[in-house]
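Following: one structure in structure tokens, then a few remarks.
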Number of protein chains: 2
Amino acid sequence: MKYSKQRSLILEVLQNNPCHPTAEQVFALVKELLPDISLATIYRNLNQLTENGIIKKLDYIDNVSHFDYCTEKHYHFVCSKCSKIFDIKANIIPEIKQSILKQQGLTVEDMEISFSGLCPDCLKNSNN
Amino acid sequence: MKYSKQRSLILEVLQNNPCHPTAEQVFALVKELLPDISLATIYRNLNQLTENGIIKKLDYIDNVSHFDYCTEKHYHFVCSKCSKIFDIKANIIPEIKQSILKQQGLTVEDMEISFSGLCPDCLKNSNN
DNA sequence: CATAAAAATGATAATGATTATTAGTTCTAA
DNA sequence: TTAGAACTAATAATCATTATCATTTTTATG
């Protein structure tokens with residue numbers, strides 16, 4: 001996979017901003033470095049990077065796609081107040097995957113977990 | 001909460017079709033019973049029923065909202081081929097919720113798990 | 001080099017899901 | 001019975017995403 005200037009910047013921005021940004025957010029960030037970039041280029045490259053397994057597209061957070069420059073397997077925690085997304089690195093449920101569901105004839109290939117609740121900042125401010 | 005003819009039919013259709021339909025799918029089903037109903041009425045009532053806790057809006061399946069007439073807590077399995085959604089009734093992870101995440105200062109209010117893989121039908125046909 | 005084919009880009013139109021608006025209709029309570 | 005509230009159908013508006021297309025950049029090859 002070849003890297004154009006645009007694609008490189010998009011990937012770089014994802015690496016430097018591990019906040020699981022949406023396409024629009026990536027657009028805003030890359031625009032600071034390359035003001036003439038088009039939103040279509042953002043979407044096109046995010047999809048290509050996803051297809052090549054370089055980044056991951058998260059479709060289970062809300063109804064907007066978020067993008068993640070991921071290396072290791074992890075889960076996500078979404079703050080129910082500010083919607084910030086936190087990485088959860090934990091060895092959850094390696095065995096649940098196969099055992100529980102076989103009984104229903106379903107073959108589990110993947111499992112996504114999203115936690116929600118209050119993040120530390122919002123917990124602090126929730127007493128106002 | 002009062003039930004208009006439209007709202008009653010929407011809820012009834014959800015009860016009789018536990019396939020986690022989208023708003024458009026609910027629209028199509030209700031239209032058979034009440035051809036003049038408007039799509040806006042579907043959305044309005046689905047949102048109101050959700051706000052009143054009568055039904056549940058699933059935003060973590062894909063990037064379209066699905067609606068569920070739910071009683072007990074359950075998880076979902078999404079077939080990676082046909083995208084059909086299956087209910088997973090299992091006593092998973094009551095303790096993971098609080099234990100694992102406290103260390104990171106996150107207060108878990110809810111947790112959603114979506115499994116994906118092949119459903120029995122698609123597994124059967126995957127050898128073609 | 002020269003240059004033709006392939007790939008990528010920017011601009012923008014088109015689409016699909018959802019929300020907002022609005023004028024008219026139905027329900028409800030005094 | 002009737003004014004006000006709630007609800008509706010139709011449709012415009014919005015937001016996220018994809019498709020299109022003319023132009024530019026890159027790449028491979030003679």
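No experiment lies behind these values; they were computed from the predicted model shown. Numbers restart at 1 for each chain; the letters A, B, ... are given by sequence-line order, proteins then strands.
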To the nearest Å, how far apart are A:I42 CD1 and C:dA11 C1'?
14 Å

B:D62 side chain to B:V64 main-chain N or O, any donor-acceptor pair under 3.5 Å?
yes

Hey, does the side chain of A:H66 reach the backbone of A:H20 with a donor-acceptor pair shorter than 3.5 angstrom?
yes

What's the CD-P distance between B:E24 and C:dT15, to the nearest Å?
15 Å

OP1 or OP2 of D:dT8 less than 4.0 angstrom from a side-chain nitrogen or oxygen of B:N45, does that happen here?
yes

To the nearest angstrom, the CZ-C1' distance between B:F27 and C:dT18 comes to 14 Å

Taking for each residue the nucleotide of DNA chain C with the nearest heavy atom, is it B:R44 or B:T22 whose nucleotide lies nearer the 5' end?
B:T22

Would you mind telling me which of C:dT12, C:dT18, C:dT9 lies closest to the side-chain atoms of B:V64?
C:dT18

Relative to the ring of B:Y60, is the ring of B:H76 parallel (under 30°), tilted (30 to 60°) or perpendicular (over 60°)?
tilted

If we ignore angles and hydrogens, is there a donor and acceptor under 3.5 Å between the side chains of A:N63 and B:N63?
no

Given C:dT18, D:dT8, D:dT17, which nucleotide is nearest the side-chain atoms of B:S4?
D:dT8

Measure the distance from CG on B:L34 to C1' on D:dC7 and round it to the nearest whole Å.
13 Å

Side-chain-base donor-acceptor pair under 3.5 Å for B:S38 and D:dA10
yes

Closest heavy-atom contact between A:T41 and A:I10?
O-CD1, 4.0 Å

Check whether any side-chain nitrogen or oxygen of A:S65 sits under 4.0 Å from OP1 or OP2 of D:dA16, and answer yes or no.
no

Could you give the CZ-to-P distance, from A:R7 to D:dT26, as a whole number of Å?
13 Å

Integer-rounded Å distance: D:dC7 P and B:I10 CD1
12 Å

Listed nucleotide nearest any side-chain atom of B:Q6, set D:dA9, C:dA17, D:dT18:
D:dA9

From the list C:dT12, D:dT8, D:dA9, which nucleotide is the closest neighbour of the side chain of B:I37?
D:dA9

Please tell me which of the listed nucleotides, D:dT11, D:dT17, D:dT18, lies nearest to the side chain of A:N47?
D:dT18

Comparing nearest nucleotides in DNA chain C, the 5'-proximal residue of the pair B:K2, B:Y43 is B:Y43

Please give, in whole Å, the distance from D:dC7 C1' to B:N52 CG?
15 Å

Assuming nearest nucleotide by heavy-atom distance, tell me which of B:D36 and A:K57 is located more 5' along DNA chain D.
B:D36

Measure from CG on A:L39 to P on D:dC15 and round the result to the nearest Å.
13 Å

